Amino acid sequence: MMKAEDIMTKDVVTIRGSATVAEAVRLMKEKGLRALVVNRRYDNDAYGIVTETDIVYKVAAYGKDPKQLRVYEIMSKPCIIVDPDLSVEYVARLFANAGIRRAPVIQGKLLGIISITDILTKSDFVEAPKTLVLEERIEKAIAEARAICTEQGAYSKACASAWDEVEELQAEAAHQKSETMVSAKISFEEYCRENPAAPECRNPQ
């Protein structure tokens, strides 16, 4: 059975709680991330997490100045953490019950971060091709997002979080499709090198 440590992202980007929200936004843009783990202030302190949703709904929505606001003022701390030895199934259940999409993986120290995208694309809990799983999950996520936004309002935090999940899945699907196309191109080129006389390999005059 696969564990959290088997599919987590080990390259974690962190930020200080005393950093400005503007600094957090810059770092997210630079690294292409939707969340940052907030460093501990001392050894026994808890880790925190700050997400795009926190920034949009706690800063931008109220016209606050991100250069004056600090990360510790909008972050979630202590945040839900995952033990590296937890099974992927348990992690998925934890995410579902807590209503979160990612969490730092910690065992004494920060080891990585795990997200719903990691669970869907890296784990072996299904045997279907990754692209098929993602397409089905995207359709379900879109339906769920529409229902949540209708029920709680288009400007609610729950609505934004639901569409964030859709965007994450769509981005991963695009990445998977890109890798598949590259692989198919390489395979075709190799085939033509071995079978130069094949009609499909002949260049038009």
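The residues of the chain are indexed from 1 along the displayed sequence. Quick caveat, the model's predicted, so the values are computed rather than measured. Just so it is clear, the values below take in all heavy atoms, side chains as well, and ignore hydrogens, waters and symmetry mates.
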Distance (rounded to the nearest 0.5 Å) between [X] [atom1] and [Y] [atom2]:
| X | Y | atom1 | atom2 | answer |
| --- | --- | --- | --- | --- |
| Glu168 | Arg102 | CD | CZ | 4.5 Å |
| Tyr47 | Thr14 | OH | OG1 | 8.5 Å |
| Ile15 | Asn39 | CD1 | CG | 9.0 Å |
| Thr117 | Lys122 | OG1 | NZ | 9.0 Å |
| Glu5 | Met8 | CD | CE | 6.5 Å |
| Ser87 | Met2 | OG | CE | 11.5 Å |

Hphob cluster co-occupancy, Ile113 + Met28, side-chain heavy atoms under 4.5 angstrom: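 In one cluster: no.
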Co-membership, hydrophobic cluster, residues Ile100 and Ile7, 4.5 Å side-chain: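 Linked within one cluster.
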Sidechain N-carboxylate O distance under 4.0 Å for [X], [Y]:
| X | Y | result |
| --- | --- | --- |
| Arg93 | Glu89 | yes |
| Arg34 | Glu52 | yes |
| Lys157 | Asp164 | no |

Is it the case that the side chain of [X] and the backbone of [Y] share a donor-acceptor pair, with hydrogens and angles ignored and the cut-off at 3.5 Å?
| X | Y | result |
| --- | --- | --- |
| Arg40 | Asp43 | yes |
| Asp54 | Thr51 | yes |
| Glu23 | Thr20 | yes |
| Lys3 | Leu86 | no |

Under 3.5 Å side-chain donor-acceptor pair for Ser115 and Asp118: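 There is such a pair (donor and acceptor under 3.5 Å, judged by atom type) between the side chains of Ser115 and Asp118.
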Contact check, side chains of Trp163 and Cys149, non-hydrogen atoms, under 4.5 Å: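 Of all side-chain heavy-atom pairs linking Cys149 with Trp163, at least one is under 4.5 Å.
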